[in-house]
Every structure is written in structure tokens, then in C-alpha cells.
Amino acid sequence: MSSNYSVSSTTTLSNGLPIPLIHLGVYESEGPACVSAVVSALTLGYRGIDSAEWYENESLCGDGIRSFLSSHPQHSREEIFYTTKLRDNGGYEHTKQAIRKSLSECGLGYIDMYLLHAPYGGKQVRRECWRAVEEAVKEGLVRTAGVSNFGVGHLRELIAAPDLALRPAVNQIELHPFNTQREIVEFCRAEGIVIEAYSPLVRGLRFEHPVIVELSKKYGCSPAQLLVRWGLQNGFVVLPKSTKQERIKENAEVAGFEISQEDMDRLANCHEKLVTDWDPTDCE
Ligand SMILES: NC(=O)c1ccc[n+]([C@@H]2O[C@H](COP(=O)([O-])OP(=O)(O)OC[C@H]3O[C@@H](n4cnc5c(N)ncnc54)[C@H](OP(=O)(O)O)[C@@H]3O)[C@@H](O)[C@H]2O)c1
């Protein structure tokens with residue numbers, strides 16, 4: 001196990017592409033604060049940005065990325081890993097249009113990771129949406145694709161679909177010690193699907209929990225750093241969100257300590273199936 005996680009650390013997707021282990025999350029990041037959060041993160045060395053059509057900040061993320069690149073000519077677009085997600089599962093044509101719209105909003109030439117944001121709509125609609133994503137990958141609009149909030153049943157169904165060749169490279173789900181999603185995690189690991197942990201800081205709701213307080217003290221880190229480190233040591237891509245430069249910096253400074261296996265287990269035992277936002281993983 002490495003103690004040296006940093007904003008430069010990557011893991012490898014099943015299609016061979018590298019993906020940064022730490023991304024900046026931008027849910028509820030708006031206006032100039034979103035642009036400056038993206039610029040700050042990239043300046044601090046982050047290389048992954050996690051946006052979505054739903055967040056209505058794709059163009060702000062694009063602005064931030066382009067602003068960073070124009071002021072840092074030594075860096076190139078190819079170094080940055082930009083994710084966005086389909087808002088509504090509206091079928092094949094709708095998804096094709098939504099991808100083109102997201103591409104034009106960000107203005108980045110291509111999307112690194114395109115996700116179905118949720119499994120809503122039923123089996124047939126999910127397949128149609130995924131077929132449009134598959135085509136966008138073939139056309140080069142999207143480099144790689146995955147899903148979000150998919151339960152084991154949804155994943156099985158997509159992998160087994162005879163008319164679909166593309167496998168989801170990632171599944172982005174809510175994941176932290178208070179919601180460990182054991183069944184989905186085990187399935188994804190067995191299938192080589194990289195797991196992305198959203199709301200890795202539990203949206204700040206458990207910073208005062210006695211185990212978090214005790215272990216943060218023990219490892220000389222902040223609660224946010226403990227939670228990011230827990231996700232990384234589990235092999236997850238983590239997506240901490242902040243619009244504040246000092247927190248964006250703090251959330252990625254997780255190299256100076258290593259959580260023991262015993263304490264990793266103590267953290268996992270905090271599981272209470274806490275849902276901080278939504279949980280579509282068992283929808284039809
Ligand atoms: N696929 C999905 O359905 C889905 C759902 C939810 C989230 N996500 C993705 O995952 C990302 C992260 O999840 P999230 O935004 O729900 O929550 P989160 O990252 O768990 O927590 C963000 C909250 O913690 C605060 N915070 C950040 N760093 C902190 C620090 N060091 N100390 C104290 N407070 C800190 C932030 O406030 P400030 O901004 O004021 O610092 C914000 O209120 C999202 O931004 C999004 O990209 C995806």
C-alpha cells in the first residue's frame with residue numbers, strides 16, 4: 001500500500017486509460033466561485049474535474065480549465081481529465097444531443113469521461129442511452145464512459161446486453177465510512193469497474209463523529225483528510241468538493257499518514273447506510 005497519494009496519483013481503467021485518483025467535485029459550485037475553484041485545483045496540481053449537466057456548471061468548468069491552460073502553457077488539455085454526466089435518461093436521440101450539448105458547453109474538444117448520472121427510466125431506456133454513449137466513444141467525442149448510482153442489477157444488465165459492446169469503466173456512487181455500499185463495491189471490483197466515491201466527505205455531516213474525531217487526532221490530520229485517505233486506501237477514485245482554495249489544498253494533502261488496517265475496519269464499521277443526497281441504486 002502506498003503512503004504517497006497525491007493529486008498526481010492515477011489508477012488504470014479497464015480500457016487502459018489512466019484516471020486521476022483525486023478529482024475536484026463541483027456539485028453546487030456556481031458562478032465565479034466555480035471557475036476559481038477549478039483554476040485553484042488545477043494550479044495545485046489536481047487533474048480531474050467532476051461536473052454534470054445537472055450541476056449547470058459545465059461551461060464554468062470549461063472556462064476554468066481553459067483559463068488555467070492559457071496561463072500555464074507548459075500544460076496541455078490532454079493532462080486534464082474532465083467528467084460530465086447525462087441529466088435525463090431520455091433515450092437514444094436525446095442522449096446523442098445531450099452529449100453534443102455538453103461538449104459545446106465545456107468547449108474542451110472532447111469529454112474524458114461521460115456518465116449516465118442515474119439508472120432511472122427502466123431497462124430499455126438505459127440500453128438506448130448507453131448505445132448513444134457507445135457511439136460517442138467511437139466518434140471520439142467521449143474518451144471513456146461509465147455509470148453513476150447503478151446497483152448490481154443495473155450493472156449486470158448492461159454488461160450482459162447482447163447489442164452493447166462497451167463496458168462501463170466506472171461506477172460513481174455515494175461512498176464513505178457511513179455508507180460503505182459493500183455489495184456494489186464487491187461486484188465492481190470483481191468486474192474490473194473502477195469505483196468513484198462521491199460525497200467522500202459525507203458533505204461535512206460526520207466531522208464530529210467520535211471515531212472521526214479520535215482517528216483524525218491519532219493520525220494528525222483533519223476529518224476531511226481522514227475521509228479522503230480512507231477512500232484512497234480502499235482503491236476508490238475520490239471526488240471531494242470545495243470552492244475554497246485552502247480546503248481544496250487540504251483535501252489532497254493526504255500523503256503524510258497511513259490508516260492502519262484495524263482503523264480502516266473501524267471506519268467501515270461506522271456504516272449506517274447514510275444517504276446524503278439521493279439513492280437510485282435500487283430503482284427499477
Ligand atoms: N453522481 C452523483 O449522483 C453525485 C452525487 C453527489 C455528488 N457527486 C460528486 O461528488 C462530489 C463531492 O460530493 P459532495 O459535493 O456531495 O460532498 P463532499 O465532497 O462530501 O462534501 C462537500 C462539502 O464539504 C465542505 N468541505 C470541503 N472540504 C472541506 C474541508 N476540508 N473542511 C470542512 N469542510 C469541507 C464543502 O464546503 P465548501 O465548498 O464551502 O468548502 C461542502 O459543503 C460532488 O461535488 C460531485 O462532483 C456526484
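Atoms within each ligand, like the ligands themselves, are counted from 1 in listed order. The analysis underlying the following values was restricted to heavy atoms, covering all of them including side chains, and did not include hydrogens, waters or symmetry mates.
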Participant: Determine, considering heavy atoms only, which of Q225, E28, K244 sits nearest to atom 40 (O) of ligand 1.
Facilitator: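 Heavy atom nearest to atom 40 (O) of ligand 1 belongs to K244.
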Participant: Which residue and atom name correspond to the protein heavy atom nearest atom 7 (C) of ligand 1, and how close is it?
Facilitator: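 So the nearest neighbour among protein heavy atoms is Y198 CD1, 3.6 Å.
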Participant: Please determine if G204 has a nitrogen or oxygen closer than 3.5 Å to a nitrogen or oxygen of ligand 1.
Facilitator: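 It does not: no N or O of G204 is found under 3.5 Å from an N or O of ligand 1.
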Participant: Quick check: K85 and ligand 1, any N/O pair under 3.5 Å apart?
Facilitator: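 In fact, backbone or side chain, K85 has no N or O that close.
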Participant: Atoms of ligand 1 less than 4.0 Å from N251 heavy atoms?
Facilitator: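 That gives atoms 27 (C), 28 (N), 30 (C), 31 (N) of ligand 1.
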Participant: Applying the side-chain contact (heavy atoms from CB on, under 4.5 Å) test to L115, which of V147, T83, T84 qualifies?
Facilitator: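 Per the side-chain contact (heavy atoms from CB on, under 4.5 Å) rule, the option paired with L115 is T83, out of V147, T83, T84.
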Participant: Tell me yes or no: between the side chains of T281 and N149, is some donor less than 3.5 Å from an acceptor?
Facilitator: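 Judged by distance alone, the side chains do not pair up.
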Participant: Using a 4.0 Å cut-off to any heavy atom of W278, which atoms of ligand 1 qualify?
Facilitator: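 Listed by number with element: 3 (O).
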Participant: Near K96 NZ, under 6.0 Å, is it more than 12 heavy atoms from other residues, nucleotides or ligands?
Facilitator: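 Check passes, neighbour count above 12.
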Participant: How far is atom 11 (C) of ligand 1 from its nearest protein heavy atom, and which residue and atom name does that atom have?
Facilitator: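 Nearest protein contact, heavy atoms only, for atom 11 (C) of ligand 1 is L239 O, 3.1 Å.
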Participant: Less than 4.0 angstrom from a charged side-chain N to a carboxylate O is my criterion; do K273 and E174 meet it?
Facilitator: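 Looking at K273 and E174, the cut-off is not met.
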Participant: Only one of I99, L116, D88 forms a side-chain contact (heavy atoms from CB on, under 4.5 Å) with C129, so which one is it?
Facilitator: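 It is L116; the other options fail the test.
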Participant: Hey, quick one: are L17 and F81 part of the same hydrophobic cluster, counting side-chain heavy atoms closer than 4.5 Å, chains of contacts allowed?
Facilitator: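 Yes, because L17 and F81 connect within a single hydrophobic cluster, where side-chain heavy atoms sit under 4.5 Å apart.
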Participant: Relative to the heavy atoms of V202, which atoms of ligand 1 are at a distance of less than 4.0 Å?
Facilitator: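 Ligand 1 atoms under the 4.0 Å threshold to V202: 20 (O).
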Participant: At what distance is the nearest protein heavy atom to atom 41 (O) of ligand 1, and which residue and atom is it?
Facilitator: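 Protein heavy atom at minimum distance: S242 OG, 2.5 Å.
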Participant: Under a 3.5 Å cutoff, is there a donor and acceptor pairing between the side chains of Y219 and E258?
Facilitator: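 Y219 vs E258: no donor-acceptor pair found between side chains.
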Participant: Counting only heavy atoms not in R77, do more than 12 fall under 6.0 Å of its CZ?
Facilitator: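 Counting other residues, nucleotides and ligands, CZ of R77 exceeds 12 neighbours.
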Participant: For V26, which part has a heavy atom under 4.0 Å from ligand 1: side chain, backbone, both, or neither?
Facilitator: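 Answer for V26: backbone.
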Participant: So which protein heavy atom does atom 33 (C) of ligand 1 come closest to, and at what separation?
Facilitator: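 Atom 33 (C) of ligand 1 sits closest to the protein heavy atom F207 CE1, 3.3 Å.
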Participant: Just to verify, which of R127, R126, K123 counts as forming a side-chain hydrogen bond (donor to acceptor under 3.5 Å, both in side chains) with E157?
Facilitator: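 That would be R126; it is the only one of R127, R126, K123 passing the side-chain hydrogen bond (donor to acceptor under 3.5 Å, both in side chains) with E157.
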Participant: What residue and heavy atom of the protein are closest to atom 45 (O) of ligand 1, and at what distance?
Facilitator: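 Checking every protein heavy atom, the shortest distance to atom 45 (O) of ligand 1 gives Y27 N, 2.9 Å.
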Participant: Do K249 and E253 sit within salt-bridge range, that is, some charged N less than 4.0 Å from a carboxylate O?
Facilitator: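 Answer for the salt bridge query: yes.
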Participant: Answer side chain, backbone, both or neither: which part of S51 comes under 4.0 Å from ligand 1, heavy atoms only.
Facilitator: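 It is neither part, as no heavy atom is under 4.0 Å.
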Participant: Closest non-hydrogen protein atom to atom 20 (O) of ligand 1, residue and atom name please, with distance?
Facilitator: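 Of every protein heavy atom, L201 N, 2.8 Å lies nearest to atom 20 (O) of ligand 1.
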Participant: Could you tell me whether atom 43 (O) of ligand 1 has a protein heavy atom closer than 4.0 Å?
Facilitator: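 Under 4.0 Å from atom 43 (O) of ligand 1, zero protein heavy atoms found.
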Participant: Answer yes or no: does an N/O atom from P240 fall short of 3.5 Å to an N/O atom of ligand 1?
Facilitator: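 By distance alone, the answer is no.
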Participant: Taking only heavy atoms of Y55, which atoms of ligand 1 are found under 4.0 Å from at least one of them?
Facilitator: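 Counting atoms of ligand 1 from 1, those under 4.0 Å from Y55 are 4 (C), 8 (N), 9 (C), 46 (C), 47 (O), 48 (C).
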Participant: Would you mind checking which non-hydrogen protein atom is closest to atom 37 (O) of ligand 1, with the distance to 0.1 Å?
Facilitator: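 Sorting protein heavy atoms by distance from atom 37 (O) of ligand 1 puts R247 NH1, 3.4 Å first.
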Participant: For D50, take its heavy atoms, then give the atoms of ligand 1 lying under 4.0 Å from any of them.
Facilitator: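 Listed by number with element, the hits are 9 (C), 46 (C), 47 (O).
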Participant: Could you walk me through whether H271 and F178 pass ring pair (Phe, Tyr, Trp, His ring centres under 6.0 Å), step by step?
Facilitator: CA-CA 4 Å; H271 176 73; F178 303 91; 9.3 Å; no
Participant: Show which atoms of ligand 1 fall inside a sub-4.0 Å distance from at least one heavy-atom site of H117.
Facilitator: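 Answer, ordered by atom number: 1 (N), 2 (C), 3 (O).
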Participant: Should we count CD of E246 as having more than 12 external heavy atoms under 6.0 Å?
Facilitator: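 Counting other residues, nucleotides and ligands, CD of E246 exceeds 12 neighbours.
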Participant: Between Q172 and D50, do the side chains contain a donor N or O and an acceptor N or O under 3.5 Å apart?
Facilitator: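 A donor-acceptor contact under 3.5 Å links the two side chains.
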Participant: Which atoms of ligand 1 have any heavy atom of A224 under 4.0 Å away?
Facilitator: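 Ligand 1 atoms under the 4.0 Å threshold to A224: 30 (C), 31 (N).
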Participant: Yes or no on side-chain hydrogen bond (donor to acceptor under 3.5 Å, both in side chains) for Q233 and Y5, after CA distance, side-chain angles and deciding distance?
Facilitator: CA-CA 9 Å; Q233 285 188 212; Y5 295 113; over 6 Å; no
Participant: Counting heavy atoms only, name the option from G25, S199, A52 that's nearest to atom 13 (O) of ligand 1.
Facilitator: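 Nearest option to atom 13 (O) of ligand 1, by heavy atoms: S199.
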Participant: Using a strict threshold of under 4.0 Å (side-chain N to carboxylate O), is an ion pair present between K241 and E28?
Facilitator: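 Salt bridge absent between E28 and K241.
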Participant: Looking only at non-hydrogen atoms, which of R203, K241, R206, E250 approaches atom 36 (C) of ligand 1 most closely?
Facilitator: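 Looking at heavy atoms only, K241 sits closest to atom 36 (C) of ligand 1.
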Participant: Is there a nitrogen or oxygen of D277 sitting under 3.5 Å from a nitrogen or oxygen of ligand 1?
Facilitator: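 Min N/O separation from ligand 1 is not below 3.5 Å for D277.
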Participant: Any atoms of ligand 1 less than 4.0 Å from a non-hydrogen atom of Q172? List them with their elements.
Facilitator: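 Counting atoms of ligand 1 from 1, those under 4.0 Å from Q172 are 1 (N), 2 (C), 4 (C), 8 (N), 9 (C), 48 (C).
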